[in-house]
Trainee: 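Quick one: this structure, given as structure tokens, is what I'll be asking you about.
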Amino acid sequence: METTYIETQQISFQDFKNQILEDYKLGRISREMSYLGRREVLTGKAKFGIFGDGKELPQLAMAKVFKDGDFRSGYYRDQTFALAINAVTVESFFAQLYADTSIEREPASAGRQMNGHYATRSLNEDGSWKNLMKQKNISSDISPTAGQMPRLLGLALASKVYKSVKFEGSEKFSDNGNEVAFGTIGDASTAEGHFWETLNAACALQVPMITSIWDDGYGISVPTHNQRAKADIAEMLSGFQRKEGENQGCEIIQVKAWDYPSLLDAYARAEHFARTESVPVVVHVIEVTQPQGHSTSGSHERYKDEDRLKWEGEFDGLLKFKEWILDYSIEIEGAEQQLATAEELEKIESEAKSFVKAGQKKAWENYQKTIQDLKESVLPLVENLKSQNAEVAAELEKFSSIISVAKKDIFHLVRKSLLLTRANQTSERQNLQSKFEEIFAVEKENYSSHLYSQSEWKATNVKEVAPIFSDASETLDGRVVVRNNFDKIFNKYPETLIFGEDAGNIGDVNQGLEGLQEKYGDVRIADTGIREATILGQGIGMAMRGLRPIAEIQYLDYILYCLQGMSDDLATVQYRTRGGQKAPLIIRTRGHRLEGVWHSGSPMAGILNLSKGILVLVPRNLTIAAGFYNTMLQADEPALIIECLNGYRLKEKQPDNIGEFTIPVGKVEVTKEGKDVTLVTYGSTWRLVMEAAQELEKIGISAEVIDIQSLIPFDLSHEISESVKKTNRLVIIDEDVEGGASAFILQQILEKQKAFRYLDSDPLTISAENHRPPYASDGDYFSKPSVDDMIEKVYALFTETNPTKFPKI
């Protein structure tokens with residue numbers, strides 16, 4: 001078992017003194033960063049600022065117990081902690097404030113996130129994993145209040161999993177599960193459901209997790225007593241306090257933000273509980289001050305009275321730390337020893353201010369040089385055009401009056417100049433056009449790369465292995481096919497695990513995991529509580545630590561509980577770190593064509609619009625679903641796989657190469673050929689479309705049916721467009737509401753694939769009613785597209801063009 005801070009702190013007085021003064025120096029550096037950062041925003045050199053002033057001491061204490069291999073999941077107030085573990089420098093702090101797009105200068109997000117959002121780089125340049133045990137790790141911060149909490153659960157749970165799960169390379173992610181996950185959250189954000197759901201799950205699972213609550217008494221302007229049932233969150237959490245001898249609950253430690261020695265003790269005890277006993281701990285840090293208020297958006301003088309502001313001045317953590325240092329004395333071998341004089345501390349303060357100013361200056365110069373180099377590369381080319389066009393000369397005059405030039409100003413000048421000279425195709429203009437294309441490609445990479453994986457392991461690179469069928473292939477229930485495939489997966493990939501409501505003991509509600517917990521154990525095939533947001537977060541955190549989790553959300557409707565985490569966290573991990581982190585989580589769910597308001601929704605438009613960055617796969621049967629699992633486990637991207645709930649009891653032929661075959665993402669399948677109209681659909685609706693197509697054949701309409709299979713990515717080879725080129729008519733059939741997923745599909749086919757060129761009729765969408773489906777089979781018939789609806793609406797297309805052959809019904 002790894003030692004903890006308590007067990008290692010036997011040091012000399014001189015070492016103790018040096019440590020104290022180093023902490024004071026780092027605290028002062030952090031504070032000066034906050035002060036100077038605010039000034040940079042208010043003078044117009046940066047867009048927005050939010051800082052961690054007032055929280056220096058607890059973060060210094062937390063950093064002391066944070067070891068290589070540990071993870072933090074936090075929010076935008078933790079600059080002192082990031083400094084203390086060398087995850088940020090003064091220069092990278094200001095580079096982020098200026099939105100510098102250099103990965104080298106701003107490694108957390110390459111300018112994509114506003115300041116205060118920290119991350120360490122878990123990946124090498126090629127997208128492969130670094131050895132996370134040789135670095136201190138910060139999972140990329142997000143702003144949504146309490147949104148960092150579900151992921152924290154998974155980061156902590158991974159340590160527990162690694163106590164029993166080993167695989168080739170697992171030593172890069174864990175040392176027998178001895179790592180601790182640290183979370184940070186603002187006091188007001190503890191009113192969010194994600195906080196309570198995460199803490200509840202952590203207490204039930206008994207994971208090594210330390211959650212620090214920075215309690216400054218306000219949520220922007222709203223005081224604590226208006227945030228929760230009780231002003232004191234520790235009092236509210238008292239029921240979570242574990243009892244002696246019970247393997248449930250957590251430890252709760254309350255400590256003042258300005259009390260340096262008590263903070264050291266609090267975090268030493270917290271680490272000891274978490275690292276040695278795998279017990280979650282809440283450290284409630286009270287009496288936190290906020291010297292500059294919430295952010296650069298306003299002043300806290302607007303909502304804090306004079307008494308509060310006076311108290312904050314007196315109990316500023318760094319001021320109290322200074323007083324403690326000056327008051328400290330100890331007798332050693334008959335001589336009184338002190339830590340520092342007032343003059344020595346003032347020197348530290350002066351040095352800290354100069355150090356921060358130098359770092360800020362260098363960051364600004366580097367950022368400005370990027371813009372200046374860009375400006376110098378294009379300005380002469382634009383000036384070459386001004387003699388040919390007076391309007392270009394006027395644009396140059398306007399450009400020269402801009403005080404602080406940004407990239408957008410340079411690009412606007414270039415693009416406006418190209419627009420103005422469009423009628424004069426001179427060599428000078430061609431030079432500018434070529435330079436524009438060159439620099440635009442660079443900025444496209446700077447601002448828009450890594451929404452999806454760019455590594456060799458991206459899903460579209462996975463080799464297709466076709467399912468093999470023979471006379472000996474068994475015909476089984478669909479749920480048995482997917483179950484047998486999971487059996488192969490868990491045998492083949494020891495790093496793979498699945499968890500969800502009823503997923504373990506009974507093998508999920510549809511028995512797609514039947515018997516697998518007994519075979520592979522309850523760590524890898526696990527039941528969870530009813531807590532969808534943290535089932536998702538559990539998966540995100542574990543995926544960030546090298547495991548291959550499959551998070552099961554029982555029904556597609558319940559994905560709504562997960563959309564915030566999917567949209568704000570999972571979908572953006574690679575993007576917001578510019579390829580620095582990844583979380584290849586597979587989300588398993590089931591849905592479509594069911595009965596009842598709450599169990600038959602198909603909120604596909606919401607998923608598609610909110611989850612760009614996650615692959616969305618919609619197999620029509622369980623064999624294809626199995627193939628998608630096989631594909632995604634070879635890929636390094638997150639995916640949502642939606643199984644057809646009404647397919648579990650339908651018979652399918654099981655491929656002879658079960659567990660080995662792969663279904664390519666971004667590839668459609670033509671399941672019926674035809675020449676008169678192209679019918680496009682996916683999921684459970686496909687069976688009805690096939691039935692309708694057979695009926696249409698009987699009345700003289702030859703329909704080609706295409707199963708989309710993969711909504712994101714969508715039909716990469718443009719097979720649908722080729723079908724429309726042949727049939728000249730397009731019908732999209734979808735069980736989402738009108739303008740839902742059908743709008744996305746239509747945009748992809750008409751705009752991206754340019755299929756409008758081949759249409760002889762208006763494209764048609766056949767969708768569900770705009771309300772939830774009523775209960776029972778009749779509810780489905782009257783609210784979602786039926787075979788009769790499809791036949792009649794497709795037939796009507798032909799009535800318009802040939803009413804003699806196809807008279808109105």
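Residue numbers run from 1 in the order of the sequence given.
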Trainee: Counting only N and O atoms by type, is there a donor-acceptor contact under 3.5 Å from the side chain of D527 to the main-chain atoms of G504?
Mentor: yes
Trainee: Please check if atom CD1 in I530 has more than 12 non-hydrogen atoms from other residues, nucleotides or ligands closer than 6.0 Å.
Mentor: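 At most 12 heavy atoms, drawn from other residues, nucleotides or ligands, come within 6.0 Å of this atom.
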Trainee: Minimum heavy-atom separation for G539 and L585, please, with both atom names.
Mentor: CA-CD1, 3.6 Å
Trainee: Indicate the atoms forming the closest heavy-atom contact of E532 with Y561, along with that distance.
Mentor: CB-CB, 3.6 Å
Trainee: Between I607 and L556, is there a side-chain heavy-atom distance shorter than 4.5 Å?
Mentor: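 Yes - at least one pair of side-chain heavy atoms lies under 4.5 Å apart.
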Trainee: Going by heavy atoms in the side chains, are I535 and R531 under 4.5 Å from each other?
Mentor: yes
Trainee: Find out whether K67 and E271 are in side-chain contact, i.e. whether some heavy atom of one side chain is under 4.5 Å from a heavy atom of the other.
Mentor: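 Yes, at least one pair of side-chain atoms sits under 4.5 Å.
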Trainee: Rounded to the nearest 0.5 Å, how far apart are NZ of K256 and CG of L57?
Mentor: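 K256 NZ to L57 CG: 14.0 Å, rounded to 0.5 Å.
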Trainee: With distance as the sole criterion, is a donor-acceptor pair present between the side chains of S159 and R545 under 3.5 Å?
Mentor: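 Yes, because at least one side-chain N or O of S159 sits under 3.5 Å from a partner of the opposite role on R545.
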Trainee: Taking atom types as modelled, find out whether T190 and R228 have a side-chain donor-acceptor pair closer than 3.5 angstrom.
Mentor: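 Note: T190 and R228 side chains meet the donor-acceptor criterion.
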Trainee: Do you know the tightest heavy-atom contact between A84 and L60?
Mentor: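 Shortest heavy-atom separation between A84 and L60 comes out as CB-CD2, 4.4 Å.
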Trainee: Backbone N or O of G27 within a donor-acceptor pair of the T80 side chain at under 3.5 Å?
Mentor: no
Trainee: Compute both the distance and the angle, then confirm whether K519 meets the cation-pi test with F490: under 6.0 Å from the six-membered ring centre, within 45 degrees of the axis.
Mentor: no
Trainee: Can you confirm whether F167 is buried at CZ, in the sense that more than 12 heavy atoms of other residues, nucleotides or ligands lie under 6.0 Å from that atom?
Mentor: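 Yes, CZ of F167 has more than 12 neighbouring heavy atoms, counting only those of other groups under 6.0 Å.
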Trainee: Donor-acceptor pair, distance only, cut-off 3.5 Å: does the side chain of R548 make one with the backbone of L633?
Mentor: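 The answer is yes, because a donor-acceptor pair under 3.5 Å joins these two groups.
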Trainee: So, for F81 and Y118, is the gap between ring centers shorter than 6.0 Å?
Mentor: no
Trainee: Is the number of heavy atoms from other residues, nucleotides or ligands within 6.0 Å of NZ (K64) greater than 12?
Mentor: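 Correct, the count exceeds 12.
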Trainee: Of all the heavy-atom pairs spanning A257 and E287, show the shortest one and how long it is.
Mentor: CB-O, 3.8 Å
Trainee: Tell me, do I586 and F628 make a side-chain contact under 4.5 Å, heavy atoms counted?
Mentor: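 The answer is no, as the side chains (C-beta and beyond) never meet within the 4.5 Å cut-off.
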Trainee: Among side-chain atoms of Y648 and E643, is any donor-acceptor pair under 3.5 angstrom?
Mentor: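 Yes.
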Trainee: Quick one: do Q206 and Q248 satisfy side-chain hydrogen bond (donor to acceptor under 3.5 Å, both in side chains)? Show the steps, please.
Mentor: CA-CA 7 Å; Q206 290 291 280; Q248 285 188 309; over 6 Å; no
Trainee: Within a reach of under 6.0 Å around NZ of K136, are more than 12 heavy atoms found that belong to other residues, nucleotides or ligands?
Mentor: yes
Trainee: Ignoring hydrogens and angles, tell me if any N or O in the side chain of E56 forms a donor-acceptor pair with the backbone of G54 under 3.5 Å.
Mentor: yes
Trainee: Does any donor atom in the side chain of S139 or Q581 lie under 3.5 Å from an acceptor atom in the other side chain?
Mentor: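 The answer is no; no qualifying pair exists.
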Trainee: Can you tell me if NZ on K172 sees more than 12 non-hydrogen neighbours from other groups inside 6.0 Å?
Mentor: yes
Trainee: Hey, could you give me the CD1/CG distance between I614 and L640, rounded to the nearest 0.5 Å?
Mentor: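 If we round to the nearest 0.5 Å, I614:CD1 and L640:CG are 7.5 Å apart.
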Trainee: State, with a plain yes or no, whether a side-chain heavy atom of D259 is found less than 4.5 Å away from one of W324.
Mentor: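 No, every pair of side-chain atoms sits at 4.5 Å or beyond.
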Trainee: When you check the gap from the basic side-chain N to the acidic O, do R588 and E552 get nearer than 4.0 Å?
Mentor: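 Counted as a salt bridge, because a side-chain N and a carboxylate O are separated by less than 4.0 Å.
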Trainee: When you check the gap from the basic side-chain N to the acidic O, do R151 and D141 get nearer than 4.0 Å?
Mentor: no
Trainee: Please check if any side-chain donor atom of S30 sits under 3.5 Å from a side-chain acceptor atom of Q79, or the reverse.
Mentor: yes
Trainee: Return the minimal non-hydrogen interatomic distance between Q564 and H194, and the atom names on each side.
Mentor: OE1-NE2, 2.8 Å
Trainee: Return yes if some donor-acceptor pair links the side-chain N/O of Q554 with the main-chain N/O of G500 below 3.5 Å, else return no.
Mentor: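 Absent.
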Trainee: Should the pair R269-E251 be classified as a salt bridge under the 4.0 Å nitrogen-to-oxygen rule?
Mentor: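 A salt bridge is absent here (no side-chain N lies under 4.0 Å from a carboxylate O).
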Trainee: Cut-off 3.5 Å, side chains only: do E197 and T534 have a donor facing an acceptor?
Mentor: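 Looking only at side-chain atoms, T534 and E197 do form a donor-acceptor pair, the distance falling under 3.5 Å.
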Trainee: With the side chain counted from C-beta on, respond yes when M566 and L610 share a heavy-atom pair under 4.5 Å apart, and no when they do not.
Mentor: no
Trainee: For Q135 and R121, test the side chains for any donor-to-acceptor distance below 3.5 angstrom and give the result as yes or no.
Mentor: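 Result is no, nothing qualifies.
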Trainee: Where the side chain of R576 meets the backbone of D569, is there a donor-acceptor pair that is under 3.5 Å apart?
Mentor: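 Here the side-chain-to-backbone pair exists.
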Trainee: Would you indicate whether E171, at its atom CD, is surrounded by more than 12 heavy atoms from other residues, nucleotides or ligands within a distance under 6.0 Å?
Mentor: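 Yes, CD of E171 has more than 12 neighbouring heavy atoms, counting only those of other groups under 6.0 Å.
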Trainee: How are the rings of F173 and W129 set relative to one another: parallel (under 30°), tilted (30 to 60°) or perpendicular (over 60°)?
Mentor: perpendicular
Trainee: Check for a donor-acceptor pair, side chain of R112 on one end and backbone N or O of T577 on the other, with a separation under 3.5 Å.
Mentor: no
Trainee: For a quick check under 3.5 Å, do Q254 and D232 share a side-chain donor-acceptor pair by atom type?
Mentor: yes
Trainee: Hey, does V88 have a side-chain heavy atom less than 4.5 Å from the side chain of Q96?
Mentor: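 They are not in side-chain contact.
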Trainee: Would you call D70-R275 a salt bridge at under 4.0 Å N-O?
Mentor: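 Result for this pair is yes, salt bridge flagged.
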Trainee: Within 45° of the six-membered ring axis of F315 and under 6.0 Å from that ring's centre, is NZ or CZ of K320 located there?
Mentor: yes
Trainee: Can you give me the closest heavy-atom contact between R772 and D557, atom names plus distance?
Mentor: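 Closest heavy-atom pair between R772 and D557: NH1-OD2, 4.3 Å.
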Trainee: Evaluate the side-chain proximity of L199 to L237: yes if any heavy-atom separation is below 4.5 Å, no if none is.
Mentor: yes
